[in-house]
Amino acid sequence: MGLTGFGVFFLFFGMILFFDKALLAIGNVLFVAGLAFVIGLERTFRFFFQKHKMKATGFFLGGVFVVLIGWPLIGMIFEIYGFFLLFRGFFPVVIGFIRRVPVLGSLLNLPGIRSFVDKVGESNNMV
């Protein structure tokens with residue numbers, strides 16, 4: 001969990017510092033390594049290389065590669081798109097959890113935010 005957490009931290013910090021190549025590269029490596037350690041190598045491989053997730057995996061891992069070769073902005077755009085395609089099945093679960101948190105749940109029910117969150121949360125795709 002620590003590797004994944006540090007990976008997310010470095011990715012976030014790298015974006016705040018105007019897409020710093022080194023921080024984004026470290027964040028990518030730590031996030032993917034942390035994911036492999038948390039759920040195991042075989043499950044990570046099966047998750048990323050399912051037939052219906054090949055497009056998403058291509059964008060995500062392609063974005064990681066583009067960041068590593070030195071084009072951080074383009075790489076992060078690819079990664080974010082691939083991330084949303086890969087993990088869109090988890091979004092309804094996450095939104096349901098956040099709605100139960102006292103302060104965050106009331107923020108998600110604000111008029112402008114509620115319609116967007118409802119669209120994101122109604123995914124019918126299974127993980």
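In this text the structure is predicted, and so the values were computed from the model without any measurement. In what follows, every heavy atom counts, from backbone to side chain, and hydrogens, waters and symmetry copies are set aside.
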Identify every side-chain donor-acceptor pair in residues 3-17 under 3.5 Å, counting partners at least two apart or on other chains, and give the distances.
from, atom 1, to, atom 2, distance (Å)
Thr4, OG1, Gly34, O, 3.4
Thr4, OG1, Leu35, N, 3.4

Is there a path of hydrophobic side-chain contacts, each under 4.5 Å between heavy atoms of I/L/V/M/F/W/Y residues, joining [Y] to [X]?
X	Y	value
Phe83	Met54	yes
Met76	Phe59	no
Ile69	Leu73	no
Trp71	Tyr81	yes

Next item on the list: Using the side chain to side chain donor-acceptor pair (under 3.5 Å) rule, collect all pairs that involve residues 22-35, keeping only residues at least two apart or in two chains.
Entry: Asn28-Glu79
Margin query: By the side chain to side chain donor-acceptor pair (under 3.5 Å) test, which pairs, at least two apart or in different chains, include something from residues 31-44?
Written below: none
Check: Can you tell me how far CD of Gln50 sits from CG of Leu86, rounded to the nearest 0.5 angstrom?
Finding: 9.0 Å
Next item on the list: Give every residue pair that meets the ring pair (Phe, Tyr, Trp, His ring centres under 6.0 Å) criterion with at least one member in residues 17-46, sequence neighbours excluded.
Entry: Phe45-Phe49
Note to self: Using the ring centroid of each side chain, check whether Phe87 and Phe47 are separated by less than 6.0 Å.
What the structure shows: yes
Show me, pair by pair, the donor-acceptor contacts under 3.5 angstrom made by side chains of residues 90-106, not counting sequence neighbours?
from, atom 1, to, atom 2, distance (Å)
Arg99, NH2, Asp118, OD1, 2.5
Arg100, NH1, Gly96, O, 3.2
Ser106, OG, Val103, O, 2.7

Item checked: Test side chain to side chain contact (heavy atoms under 4.5 Å, CB included) applied to Phe60 and Val32, step by step -> CA-CA 11 Å; Phe60 184 76; Val32 173; 4.1 Å; yes
Margin query: Going by the rule side-chain contact (heavy atoms from CB on, under 4.5 Å), which residues pair with Leu41 if we only count those two or more places apart in sequence or in a different chain?
Written below: Ala36
Notebook entry, point to check: Of the non-hydrogen atoms in Lys21 and Gly70, which two are nearest, and what is the gap between them?
Noted result: CD-O, 3.4 Å
Check: Minimum heavy-atom separation for Ala25 to Val67, with atom names?
Finding: N-CG1, 3.9 Å
Notebook entry, point to check: Counting only heavy atoms not in Phe48, do more than 12 sit closer than 6.0 Å to its CZ atom?
Noted result: yes
